[in-house]
Amino acid sequence: MMAHLAESMPAAATAPVEPFVDFNRVWLAYDDALARQGEFAVEDLSLQAAPGEFIAIVGPSGCGKSTFMKLATGLRPATHGTVKVAGQKVSGPLKQVGMAFQAPTLLPWRTTLDNVMLPLEIVEPYRSTLRARRDEYVDRARRLLHTVGLGGYEDKYPWQLSGGMQQRASICRALIHQPRMLLLDEPFGALDAFTREELWCVLRDLWQAQRFNVILVTHDLREAVFLADTVYVMSQRPGRILLRKEIHLPRPRDLELTYTEPFAGLVHALREKIGHVRQH
């Protein structure tokens with residue numbers, strides 16, 4: 001009887017998942033005078049990223065990709081519109097985000113391990129518990145370094161590491177405090193092609209294991225297609241979103257995928273769109 005009742009009851013409607021990142025008609029001018037003159041760095045940005053989604057932002061130089069990052073982290077308040085992260089309106093710098101840039105910016109007087117530990121000295125609740133739980137946090141940092149291929153380099157200084165190794169350490173530092181969102185601004189742009197592709201795979205594996213949200217700003221269309229769930233193409237300044245492209249390539253993705261026709265087709269479509277943007 002119970003089985004019969006269960007079969008006859010309507011299935012519960014699944015509630016729509018609230019976006020983790022939500023830009024709603026966002027405009028940004030860098031000061032009030034520019035706003036009054038109608039000079040905006042970005043205009044009318046609307047996008048939503050689901051929890052755990054990996055998005056990439058591409059476009060010509062000066063289109064507002066880095067401005068988008070400042071809005072997402074709360075480093076710049078929107079002039080118009082709203083930015084929400086994890087359901088909360090962004091009204092100041094967010095704490096539970098990790099960031100990595102084109103330059104690794106490791107502190108030269110600290111070892112690799114101590115550089116990775118740095119956020120734990122700054123961000124709560126880790127800052128308050130660092131003394132009591134230091135061994136636990138050191139172990140976490142060592143495991144993270146081992147995961148990205150830096151096991152055995154914990155006591156080396158930045159000048160003793162290659163550029164690719166420094167960037168691996170930088171990504172570990174961005175993730176040590178287990179942020180819910182990772183923001184990457186051209187993180188592999190200064191590296192050679194082989195090292196860059198190695199680090200795509202490092203980032204892919206870290207993301208697949210933990211499923212934090214990622215916003216990647218890049219000029220490299222192959223990088224965007226290889227890593228992202230969704231790629232957004234921005235216009236020339238003032239930056240607007242011209243195209244939202246979902247990347248329906250199977251996961252997990254390996255580098256052999258980058259030599260296939262479906263991959264090349266997606267890269268070509270994005271390149272064509274950006275080429276069109278540059279001409280107008």
Side-chain angles (χ1 to χ4, degrees), residues 20-21 54 66 68-76 85-86 90 92-191 195-196 198-218 227:
F20 185 77
V21 179
F54 195 131
S66 295
F68 179 92
M69 299 286 255
K70 291 171 186 170
L71 287 160
T73 54
L75 295 175
R76 281 278 180 180
V85 172
V90 175
L94 297 177
K95 293 185 177 66
Q96 283 302 306
V97 300
M99 299 185 74
F101 306 94
Q102 184 168 335
T105 62
L106 300 176
L107 300 176
W109 59 88
R110 296 182 74 131
T111 64
T112 304
L113 181 67
D114 287 341
N115 265 295
V116 170
M117 295 280 289
L118 185 62
L120 303 182
E121 300 170 19
I122 299 167
V123 178
E124 294 293 1
Y126 300 101
R127 182 180 176 182
S128 301
T129 55
L130 182 59
R131 189 179 298 244
R133 300 175 66 181
R134 185 172 183 83
D135 289 349
E136 176 191 335
Y137 295 156
V138 166
D139 184 60
R140 181 193 295 180
R142 287 182 180 279
R143 280 187 281 114
L144 195 52
L145 285 164
H146 182 78
T147 300
V148 304
L150 286 179
Y153 290 89
E154 295 89 346
D155 298 325
K156 301 291 186 188
Y157 289 90
W159 50 271
Q160 296 174 300
L161 305 178
S162 69
M165 289 170 139
Q166 289 185 39
Q167 199 57 282
R168 289 169 195 253
S170 179
I171 290 170
C172 288
R173 182 179 58 187
L175 292 174
I176 188 66
H177 59 300
Q178 299 179 319
R180 296 179 66 187
M181 182 163 67
L182 178 64
L183 294 114
L184 301 169
D185 194 351
E186 293 283 352
F188 313 129
L191 303 173
T195 305
R196 191 180 309 145
E198 277 183 9
L199 291 188
W200 293 356
C201 296
V202 166
L203 179 57
R204 171 203 65 196
D205 293 347
L206 289 168
W207 174 76
Q208 284 183 178
Q210 300 177 39
R211 286 302 169 108
F212 38 80
N213 275 74
V214 183
I215 300 175
L216 167 69
V217 163
T218 181
L227 288 167

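Keep in mind that what you see is a predicted model, and the values were worked out from it rather than measured.
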**Prompt:** Can you find a heavy atom in the side chain of M117 that is under 4.5 Å from one in the side chain of L130?
**Reply:**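 Sidechains of L130 and M117: in contact.
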**Asked** Going by heavy atoms in the side chains, are L113 and R142 under 4.5 Å from each other?
**Response**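 The answer is yes; the side chains approach within 4.5 Å.
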**Asked** When you look at CZ of R110, are more than 12 heavy atoms from neighbouring residues, nucleotides or ligands closer to it than 6.0 Å?
**Response**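 Correct, the count exceeds 12.
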Kindly compute the distance separating [atom1] ([X]) from [atom2] ([Y]), expressed to the nearest 0.5 Å.
X	Y	atom1	atom2	value
N115	W109	CG	CH2	8.5 Å
R76	L71	CZ	CG	9.0 Å
T73	M181	OG1	CE	7.5 Å
D155	Q160	CG	CD	9.5 Å
L75	M99	CG	CE	6.0 Å

**Request:** Give a yes or no on whether the backbone of P119 and the side-chain of E121 come within a donor-acceptor separation of less than 3.5 Å.
**Result:**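 No, because the side chain of E121 does not come within donor-acceptor range (under 3.5 Å) of the backbone of P119.
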**Expected output: side-chain H177 to main-chain V97 donor-acceptor under 3.5 Å** =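 Confirmed, H177 side chain pairs with V97 backbone.
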**Message:** Quick check on side-chain contact (heavy atoms from CB on, under 4.5 Å): which of T111, L106, L107 does Y157 satisfy it with?
**Reply:**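 When T111, L106, L107 are each tested with Y157, the side-chain contact (heavy atoms from CB on, under 4.5 Å) holds only for T111.
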Please table the atom pairs, donor to acceptor, closer than 3.5 Å between any side-chain atom in residues 161-175 and protein atoms at least two apart or in another chain.
| unit_1 | atom_1 | unit_2 | atom_2 | d |
| --- | --- | --- | --- | --- |
| S162 | OG | M165 | N | 3.2 |
| Q166 | NE2 | P158 | O | 3.1 |
| Q166 | NE2 | L161 | O | 3.3 |
| Q167 | OE1 | S170 | OG | 3.4 |
| Q167 | NE2 | F101 | O | 3.0 |
| Q167 | NE2 | Q102 | O | 3.1 |
| Q167 | NE2 | P187 | O | 2.5 |
| R168 | NH1 | V148 | O | 2.7 |
| R168 | NH2 | E198 | OE1 | 2.7 |
| R173 | NH1 | T105 | O | 3.0 |
| R173 | NH2 | P104 | O | 2.8 |
| R173 | NH2 | T105 | OG1 | 3.0 |

**Message:** I'd like to know whether L144 forms a side-chain contact (heavy atoms from CB on, under 4.5 Å) with R140, so could you lay out the CA-CA distance, the side-chain angles of the two residues, the decisive distance to 0.1 Å, and finally the verdict.
**Reply:** CA-CA 6 Å; L144 195 52; R140 181 193 295 180; 5.6 Å; no
**Prompt:** Does the ring of W207 carry R204 above it, NZ/CZ under 6.0 angstrom from centre and within 45° of its axis?
**Reply:**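 No, R204 does not sit over the ring of W207.
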Nearest atoms (heavy-atom pairs only) where [X] meets [Y]:
X	Y	value
A72	L183	CB-CD2, 4.0 Å
L203	L184	CD2-CD1, 3.4 Å
F188	L199	CE2-CB, 3.6 Å

**Partners meeting ring pair (Phe, Tyr, Trp, His ring centres under 6.0 Å) with Y137 (sequence neighbours left out)** =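 Here the qualifying residues are Y126.
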**Prompt:** Between F54 and L227, is a side-chain contact (heavy atoms from CB on, under 4.5 Å) present by the stated rule, with each step listed?
**Reply:** CA-CA 7 Å; F54 195 131; L227 288 167; 3.7 Å; yes
**Asked** Considering residues at least two apart in sequence or located in another chain, which fulfil the salt bridge (charged side-chain N to carboxylate O under 4.0 Å, His left out) criterion with R180?
**Response**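 If we apply the salt bridge (charged side-chain N to carboxylate O under 4.0 Å, His left out) test to R180, skipping adjacent residues, there are no hits.
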**Request:** Evaluate the side-chain contact (heavy atoms from CB on, under 4.5 Å) criterion for residues E124 and R127: first the C-alpha distance (whole Å), next the side-chain angles of each, then the deciding distance (0.1 Å), finally the verdict.
**Result:** CA-CA 5 Å; E124 294 293 1; R127 182 180 176 182; 3.7 Å; yes
